[in-house]
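Only one structure is covered here, and it is reproduced in the block below.
Chain letters run A, B, ... following the sequence lines, proteins first and then strands; every chain starts at 1. If you're wondering where the values come from, they're calculated on a predicted model, not measured in any experiment.
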Amino acid sequence: MQVKAPRGTVDILPADAKKWQHIERVIKECIESFGFQEVRIPIFEHTELFLHGVGQGTDIVSKEMYTFNDRSQRSLTLRPEGTASCARAIIEHSVYGGVLPIKWYYTGPMFRYDRPQAGRYRQFHQVGVEAFGSNSPYLDAEIIILMVGILSALGLSAYELHLNSVGCPHCRQSYRQSLIEHINPVKEALCPDCQVRFMQNPLRVLDCKVASCHEAIAGYPLIYDSLCNDCRDHYAAVKTALEDNGVAYLHDNQLVRGLDYYTNTAFEVHIPGIGAQSAVGGGGRYNGLVRELGGPDLPGIGFALGLERLLLALDTLGIKESAQSGIDAFIAVMNGKHESPALRILNEIRRAGIRADKDYTGRSGKAQMKYADKLGAKLVILIGDEEMEQGFLTLRNMENKEQLRVENEQLINTIKQIMAMD
RNA sequence: GUGGGUGUAGCUCAGUUGGAAGAGCACCAGAUUGUGGCUCUGGGGGCCGUGGGUUCAAGUCCCAUCAUCCACCCCA
């Protein structure tokens, strides 16, 4: 019996879960303030969905999916991302027949079989935002503004926004051709990985970090120069809108999305200094996706943020949220024979909305005070012989050490009064 | 899938040319017989990742294996 979570998975213990709750709350507030609504999609889908919705040529599909057969021999896959499921749900429920654009967001675990390293896990968490049904460049800008707005709200203003356009299928086809013509004469000089990439998708060669590949393809054509007029206008409008809204970006010719239905705007946000996996979020326009999955010709754009990476960035950069924690009141039982009334009082004040706890290990009165302090209790309710005999309770304020005698019926009101003064 | 680093107490880590397993923090208790934070004192806690090998003797050297971290790759 191995007492260890599977490779690439982690337990989020209470101390960390607090941080998760914090960023999830901030992110959710930002997204909803932009008019997006939450959608909840399955953790697993038919494998087929990802074959078509992510693309067979991608690493995700070819070597990173958790695929299994269920007892009825259906091939299912733990979702490696969320966009395909959203598109599927929109088609399945004919959501495209209603008000457009459809503005959805989702959050939850994703699964990819990959070698774990800093900022990379096999089960990781994303918040994704998708907008379907509009091809307006201003929607592209809104999406990007939302993404960087979330980062700012979290205190992560030191980001780099990379931006590019990969064009539409038409201009990308001509770009692809000119790239092939440029690289083909020098393909022998490419690294083995790139030789393979070149055959599968020449655009991916541009991503290669091997220096010799860079040299070999020096002077390669830029996709920007191959954009058709519509795509060029679209990209220009996105950039202008970002500038008008004070969002700084870096035009990055090497930022490409290889899949056929990715179109026009592509973007990625990096936070330097958090390790090799510095991309905390990324996204783009995917006007071909819904149709590819058998739906109508519905354009779409979206992004996803990696929550582990956001937390890594917050930790690395030393950004802390104000730690409000602990409980309101602790019940100290000075004599074990009063346990039962103590439990009754504990649950009375809990029902009144007061966060409270007591000892269950038989600690001495003094040790219970220490324990109350560790739990961050603001008040301690003392229950001893004197209290029980005379029918009152002693309330100790842990901040100023003041103690007062309160009648049983006045306990809840008194606690609430003291708490309201903070 | 490829490369490198690291596995010793709950946590962070020392451990000399191979010679009786340690510190800090955390936990529990006492100093204070019904009262927290600071201080002092004491205590519980270890298959030294696992399996083999070398040796009179292995936490230490060698091999294997597993785990983990970092990087390549890919992406969030």
- Message: Hydrogens and angles aside, do A/Y249 and A/E243 bring a side-chain donor and acceptor to less than 3.5 Å of each other?
- Response: yes
- Query: Looking only at atom P, what distance separates B/rG37 and B/rG30, rounded to whole Å?
  - Reply: 13 Å
- Task: Whole angstrom is fine here: how far is it from NZ in A/K337 over to P in B/rG34?
- Result: 13 Å
- Paired with B/rC61: which nucleotide, if any, by Watson-Crick or G-U wobble criteria at under 3.5 Å for both distances? B/rG53
- Pick the C1' atom in B/rC38 and in B/rU33, then give their distance to the nearest Å. 23 Å
- Give one of base, sugar-phosphate or nothing for A/N335, where a contact means two heavy atoms less than 4.0 Å apart. nothing
- What interatomic distance, in whole Å, is found between C1' of B/rA64 and the corresponding atom of B/rC27? 38 Å
- Side chain of A/M398 only, please: which of B/rC75, B/rA71, B/rG36 is the nearest? B/rG36
- Query: Between the base of B/rU35 and the side chain of A/Q368, is there any donor-acceptor pair under 3.5 Å?
  - Reply: no
- Message: Pairing check on B/rG1: which nucleotide meets the Watson-Crick or G-U wobble criteria with it, both distances under 3.5 Å?
- Response: B/rC72
- Query: Taking all non-hydrogen atoms of both residues, which atom of A/F267 and which atom of A/G302 are closest, and how far apart?
  - Reply: CZ-O, 3.7 Å
- Tell me: CZ of A/R122 to C1' of B/rG1, nearest whole Å? 11 Å
- Message: Starting the side chain at C-beta, find the nucleotide from B/rG34, B/rG36, B/rC73 nearest to A/R120.
- Response: B/rC73
- Around atom OH of A/Y96, are there more than 12 heavy atoms of other residues, nucleotides or ligands at under 6.0 Å? yes
- Query: Are the charged groups of A/D373 and A/K370 less than 4.0 angstrom apart, N to O?
  - Reply: no
- Between B/rA29, B/rC72, B/rU35, which one does the side chain of A/A367 approach most closely? B/rA29
- Between A/K366 (NZ) and B/rC38 (P), how many Å, whole number? 12 Å
- Item | Candidate nucleotides B/rG37, B/rC75, B/rA29, ranked by approach to the side chain of A/R363 - the nearest | B/rA29
- Task: Answer with base, sugar-phosphate or nothing: what part of the nucleic acid does A/L307 contact at a heavy-atom distance below 4.0 Å?
- Result: nothing
- Task: Between B/rG34, B/rG36, B/rC69, spot the one nearest the side chain of A/K401, thanks.
- Result: B/rG36
- Item | Complement of B/rG43, any strand, by Watson-Crick or G-U distances under 3.5 angstrom | B/rC27
- Note on the structure: Taken to the nearest whole Å, NE2/A/H125 to P/B/rA76 is 16 Å
- Message: Taking pairing as Watson-Crick or G-U wobble with both contacts under 3.5 Å, can you name the mate of B/rU6, or confirm there isn't one?
- Response: B/rA67
- Taking atom P in both B/rU12 and B/rU68, what distance in whole Å separates the two? 15 Å
- Item | Integer angstrom distance from the C1' of B/rA76 to that of B/rC13 | 33 Å
- Out of B/rU35, B/rC70, B/rC75, which nucleotide sits closest to the side chain of A/A118? B/rC70
- Looking only at side-chain atoms of A/D59, point me to the closest of B/rU35, B/rC74, B/rC75. B/rC74
- Query: Taking atom C1' of B/rC75 as reference, at what distance in whole Å does atom CZ of A/R79 sit?
  - Reply: 17 Å
- Item | ring centroid sep under 5.5 Å plus plane angle under 30, A/Y371 with B/rG36 | no
- Rounded distance in Å - NE2 (A/H162) to P (B/rA76): 14 Å
- Heavy atoms under 4.0 Å, any strand shown: does A/G365 hit a base, just sugar-phosphate, or nothing? nothing
- Message: From C-beta outward on A/K4, which listed nucleotide comes closest to its side chain: B/rA71, B/rA67, B/rA76?
- Response: B/rA67
- Between B/rA26 and B/rC40 - P atom distance, rounded Å: 12 Å
- Message: On RNA chain B, compare the nucleotides closest to A/Y113 and A/V10; which residue's is nearer the 5' end?
- Response: A/Y113
- Query: Does any N or O donor sit under 3.5 Å from an N or O acceptor when you compare the side chain of A/R396 with the base of B/rG34?
  - Reply: no
- Message: For the P atoms, the ones on B/rG19 and on B/rC61, what distance do you get once it is rounded to whole angstrom?
- Response: 11 Å
- Note on the structure: Of the listed B/rC75, B/rG34, B/rG36, the closest approach to the A/E387 side chain comes from B/rG34
- Message: If I compare all heavy atoms of A/I43 with all of A/P109, which pair ends up nearest, and what's the gap?
- Response: CD1-CG, 3.8 Å
- Does NZ or CZ of A/K103 fall inside the cone over A/Y105's six-membered ring, less than 6.0 Å from its centre and within 45° of the axis? no
- Message: What I want to check is whether the side chains of A/Y106 and A/E130 have a donor and an acceptor closer together than 3.5 Å.
- Response: yes
- Task: Provide the closest heavy-atom pair for A/G119 versus A/R309 in the form atom of the first, atom of the second, distance.
- Result: O-NE, 2.8 Å
- Message: Base, sugar-phosphate or nothing for A/A304? Non-hydrogen atoms, less than 4.0 Å.
- Response: sugar-phosphate
- Message: Rounded to whole Å, please give me the gap between CD in A/Q277 and P in B/rC70.
- Response: 10 Å
- With heavy atoms under 4.0 Å as the rule, sort A/E81 into base, sugar-phosphate or nothing. nothing
- Query: Can you check the A/I150 CD1 to B/rA76 P distance for me, whole Å?
  - Reply: 15 Å
- OP1 or OP2 of B/rA26 less than 4.0 angstrom from a side-chain nitrogen or oxygen of A/K370, does that happen here? no
- Euclidean distance for P, B/rU60 against B/rA9 (whole angstrom): 15 Å
- Give the ring-plane orientation class for A/Y235 versus A/H251, where under 30° counts as parallel, over 60° as perpendicular and anything between as tilted. tilted
- Message: Taking the nucleotide of RNA chain B with the nearest heavy atom to each, does A/Q117 or A/G283 sit closer to the 5' end?
- Response: A/Q117
- Query: For the side chain of A/L382, counting heavy atoms from C-beta on, which of B/rG34, B/rC75, B/rG37 is nearest?
  - Reply: B/rG34
- Task: Could you let me know what B/rA20 is paired to, Watson-Crick or G-U wobble, both distances under 3.5 Å, or none if it's on its own?
- Result: none
- Do A/R7 and B/rU68 have a side chain to base donor-acceptor pair shorter than 3.5 Å? no
